[in-house]
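No hydrogens, no waters, no symmetry mates; every other heavy atom, side chains included, goes into these values.
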Amino acid sequence: MSLFGERSNYLFNLCSSVYMIPIIKYLDEFTYHHVIADTKGVALVFYTGPNCGSCHHLRHVLNEYLHQYNNLSVFEVDAVTSSALVNEFNVFHLPTMFLYKDGRYHCEFHAEALPDRIHKAIEQALLLPAEDEP
């Protein structure tokens with residue numbers, strides 16, 4: 001029996017399930033550039049806001065995507081607390097997504113919020129030449 005009893009074992013097992021492990025990492029003005037530069041492979045950065053219903057939905061869908069495909073790193077930027085990044089990247093609406101490859105900007109990313117559609121849109125975007133960073 002654990003120090004906190006049978007119920008705590010249940011809660012620990014529930015919270016440590018694969019769907020509760022945070023896969024999306026958070027970035028801010030102080031971590032953004034060096035973390036992205038050090039990220040190998042494909043990375044998706046999405047800008048969110050605390051009162052944005054579409055952002056909450058997208059976060060859920062991206063977690064589903066990561067459990068199905070697990071072929072990219074996903075980072076979230078809170079547009080309210082990271083206003084310098086919002087200004088730097090000209091973010092005018094939420095959610096906004098940017099795709100990176102091997103630490104370099106590739107494009108602003110658009111896809112329907114479904115795991116399969118996101119996967120296909122990433123494949124298509126990577127076939128195109130990289131765009132200039134905003």
Side-chain angles (χ1 to χ4, degrees):
M1 180 179 249
S2 80
L3 179 64
F4 299 102
E6 188 75 28
R7 183 163 166 75
S8 70
N9 283 336
Y10 169 76
L11 290 174
F12 175 78
N13 290 334
L14 179 66
C15 292
S16 64
S17 73
V18 75
Y19 287 103
M20 298 302 284
I21 296 171
I23 296 175
I24 297 173
K25 300 165 194 83
Y26 295 92
L27 299 176
D28 59 21
E29 290 104 343
F30 308 107
T31 58
Y32 190 95
H33 293 288
H34 75 269
V35 169
I36 293 298
D38 292 342
T39 301
K40 302 297 179 215
V42 180
L44 182 69
V45 176
F46 74 106
Y47 287 72
T48 66
N51 298 320
C52 172
S54 297
C55 301
H56 295 295
H57 176 70
L58 179 61
R59 182 183 307 111
H60 175 73
V61 170
L62 288 172
N63 271 314
E64 284 181 35
Y65 174 87
L66 290 170
H67 284 95
Q68 289 179 20
Y69 296 100
N70 198 20
N71 62 343
L72 79 153
S73 301
V74 176
F75 300 98
E76 181 174 352
V77 175
D78 184 329
V80 174
T81 60
S82 297
S83 58
L85 290 172
V86 168
N87 290 332
E88 180 180 346
F89 288 95
N90 299 321
V91 174
F92 294 109
H93 59 85
L94 299 175
T96 294
M97 297 184 283
F98 297 112
L99 196 62
Y100 289 80
K101 185 173 181 186
D102 295 325
R104 301 179 66 114
Y105 181 85
H106 192 77
C107 65
E108 185 170 353
F109 181 72
H110 302 278
E112 186 177 354
L114 294 169
D116 291 338
R117 300 283 171 89
I118 291 171
H119 183 71
K120 288 176 185 167
I122 289 172
E123 288 178 337
Q124 292 296 315
L126 292 174
L127 292 175
L128 300 172
E131 299 173 0
D132 291 332
E133 195 170 52

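- For the pair E64 and L114, the minimum side-chain heavy-atom distance is 4.5 Å or more.
- Checked against salt bridge (charged side-chain N to carboxylate O under 4.0 Å, His left out), R104 has no partners two or more places apart in sequence or in another chain.
- In this structure, CG on L66 lies 8.0 Å from CG on N71, to the nearest 0.5 angstrom.
- Atom CG of D132 and atom SG of C107 lie 12.0 Å apart (nearest 0.5 Å).
- Although no hydrogens or angles enter the test, the distance criterion places no donor-acceptor pair under 3.5 Å between the side chain of H119 and the main chain of Y69.
- Here the side chain of Y105 pairs a donor or acceptor atom with the backbone of E108 at under 3.5 angstrom.
- Of the possible donor and acceptor atoms, one in the side chain of T96 sits under 3.5 Å from a partner among the backbone N and O of H93.
- Few gaps surround NE2 on H33; more than 12 heavy atoms of other groups in view lie less than 6.0 Å from it.
- Among residues two or more places apart in sequence or in another chain, the ring-ring contact (aromatic ring centres under 6.0 Å, His included) test is passed with F89 by Y32, F98.
- Between I118 atom CD1 and E112 atom CD the span is 9.0 Å, to the nearest 0.5 Å.
- Distance check: S83 OG to E88 CD gives 11.5 Å after rounding to the nearest 0.5 Å.
- Side-chain heavy atoms closer than 4.5 Å link hydrophobic residues (I, L, V, M, F, W, Y) into clusters, and following such links, even through other members, never connects V86 to V80.
- In the hydrophobic cluster analysis, where Ile, Leu, Val, Met, Phe, Trp and Tyr join through side-chain heavy atoms closer than 4.5 angstrom, L94 is grouped together with L85.
- Connection of V74 to V77 is not established within any shared hydrophobic cluster, with ILVMFWY side chains joined at heavy-atom distances below 4.5 Å, either directly or through further cluster members.
- The shortest non-hydrogen separation linking P115 to Q68 is CB-OE1, 3.6 Å.
- At distances below 3.5 Å, at least one donor-acceptor pair connects side-chain atoms of H67 with backbone N or O atoms of N63.
- Of the possible donor and acceptor atoms, one in the side chain of T31 sits under 3.5 Å from a partner among the backbone N and O of D28.
- Placement of L27 and L58 in two distinct hydrophobic clusters is found when ILVMFWY residues are connected by side-chain heavy-atom separations under 4.5 Å, directly or transitively.
- I122 has its side chain within reach of L72: a pair of non-hydrogen atoms, C-beta onward, lies under 4.5 Å apart.
- Residues L126 and Y65 share a hydrophobic cluster, clusters being chains of Ile/Leu/Val/Met/Phe/Trp/Tyr side chains in contact below 4.5 Å.
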Atom pairs and distances, donor-acceptor, side-chain atoms in residues 37-55, under 3.5 Å, two or more places apart:
unit_1 : atom_1 : unit_2 : atom_2 : d
T39    : OG1    : V35    : O      : 2.6
T48    : OG1    : E76    : OE2    : 2.8

